[in-house]
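Beneath this line is the structure, given in structure tokens, with notes to follow.
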Number of protein chains: 2
Amino acid sequence: MNIGRAAKISGVSPKMIRYYEQTGLIPKAARQDSGYRDYDDADVHRLRFIRRARDLGFTVEQIGELLGLWSDRSRASADVKAFALEHIARLKEKMAEIEAMVRTLETLANHCHGDDRPDCPIIEGLAEEGGATPRLQPREPRRFGRSGGQSARRHAAGSSNRTH
Amino acid sequence: MNIGRAAKISGVSPKMIRYYEQTGLIPKAARQDSGYRDYDDADVHRLRFIRRARDLGFTVEQIGELLGLWSDRSRASADVKAFALEHIARLKEKMAEIEAMVRTLETLANHCHGDDRPDCPIIEGLAEEGGATPRLQPREPRRFGRSGGQSARRHAAGSSNRTH
DNA sequence: CTGGGGCTTCCAACGATGGGAAGGTCAAGG
DNA sequence: CCTTGACCTTCCCATCGTTGGAAGCCCCAG
């Protein structure tokens, strides 16, 4: 079957299927005479596995390991469990980080009148001189932002040149 | 003062300071005779503001808006509060997503013996035929993973075998 | 035979950050 | 005065997962 069909029934987009192939997560697909990639049920099965793993927050690299565990009939269930628990622990760390942000923000917001006067503890909390806003892990890349579509916006905020 | 010093006392790396300038988040820095960027206390103050906002999970784009709110003496505290509450809501969505993953994974893990036998409900949960693993937002980019280094990656040299 | 939809590859972008190269500047020490 | 080394400059590249688009080939229905 063609990539489009495989994509539809696996829930992985054609783009991503090619990407996974390119990065070696999945083996190179068979080709039809036309040069089109050719997928069978086993391929689709694997793709669905991948999509579910992504939905559970595993990185592509981790999914590579999961695929190895999946096809390794000799491995112990303890191995898989350890892997999963590791991941759970990481997810909980992320949650804790976000929760800390939420707590800080809610504290600030609770102190903000939210009326038409300009004084605002939220902004003051960000601007304040002291070494405020407790940061959990000082310098760690953050990435979990973003939810809706992106579209518009071509490198934002351009004209906010305030001498302040 | 030089960028390195401004970086040290603001907590924003020189790389990021230049990046923020380049994208227009902050105005172009003054230059010394040498061509070095020159920062004063107000600049550092703004950088600290930015770092705190980042620590609270705001995107750079949002920080642009926050900077605008900061320097706008006529805006109502309600505006800031609304902005913050919006952000809090998004953070909570993220938390809920991750929590759902954790719940699913923990359910699977709880059913896994974790012994030396190969049968494993975790892997089976990923591989299972049915339309399992409830996904919250079907096709939404996810990004908060990341743990260790990358490297590895096989990828057998591109011998594009085309019969064509 | 033509049209349109699917497929191919390649290239770029997103966001935030770090790494590194090639070269200019500056202050301290010989 | 000159060297050394720390700092600065600009550029380009990589990350991670995903999407978008362009240019061109393939296939089927009309």
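Just so it is clear: chains get the letters A, B, ... in the order the sequence lines come, proteins before strands, and each one is counted from 1.
Comparing atom distances between the Arg37(A) side chain and each of dT9(C), dG6(C), dC26(D) picks out dT9(C) as nearest. Residue Lys15(A) places its side chain closer to dC10(C) than to any other of dT18(D), dC10(C), dG18(C). Among the nucleotides dC26(C), dC8(D), dG5(C), the one closest to any side-chain atom of Arg18(B) is dC8(D). Of the listed nucleotides (dT17(C), dT10(D), dT18(D)), dT17(C) has the atom at the smallest distance from the side chain of Tyr19(B). Comparing atom distances between the Arg54(A) side chain and each of dA16(C), dT10(D), dG17(D) picks out dG17(D) as nearest.
Lys94(B) has no carboxylate O lying under 4.0 Å from a charged side-chain N of Glu97(A), or vice versa, which leaves the two without a salt bridge. For Arg37(A) and Glu21(A), the salt-bridge test passes: some basic side-chain N is under 4.0 Å from an acidic carboxylate O. Ion pairing between Asp43(B) and Arg46(B) holds under the 4.0 Å rule for side-chain N and carboxylate O. Using a cutoff of 4.0 Å between basic side-chain nitrogens and carboxylate oxygens, Asp119(B) and Arg117(B) are not scored as salt-bridged.
Straight-line distance from the CG atom of Asp33(B) to the P atom of dT25(C): 11 Å, rounded to whole Å. Taking atom CD1 on Ile17(B) and atom P on dT10(D), their separation rounds to 13 Å, with Å as the unit. In this structure, Arg31(A) places its CZ atom 12 Å from P of dC7(C), rounding to the nearest Å. Atoms CE (Met16(A)) and P (dC14(C)) sit 18 Å apart, rounded to a whole Å. Taking atom CD of residue Gln32(A) and atom C1' of nucleotide dC7(C), one finds them 9 Å apart after rounding to whole Å. Summarising the geometry, the separation between CD1 on Ile3(B) and C1' on dC26(C) is reported as 17 Å, rounded to the nearest angstrom. For the pair Glu21(B) CD and dC11(D) P, the interatomic distance rounds to 12 Å; values are reported in whole Å. Rounded to a whole Å, the CG atom of Asp38(A) is 15 Å from the C1' atom of dT8(C).
Side chain Tyr36(B) to base dC26(C): no donor-acceptor pair is found below 3.5 Å.
The distance from atom CG of Leu108(A) to atom CG of Leu56(B), rounded to the nearest 0.5 Å, is 7.0 Å.
Remark: Arg51(B) is not in phosphate contact with dA16(C), judged by side-chain N or O atoms under 4.0 Å from OP1 or OP2. Within the structure, a side-chain polar atom (N or O) of Ser13(B) is placed less than 4.0 Å from OP1 or OP2 of dG18(C).
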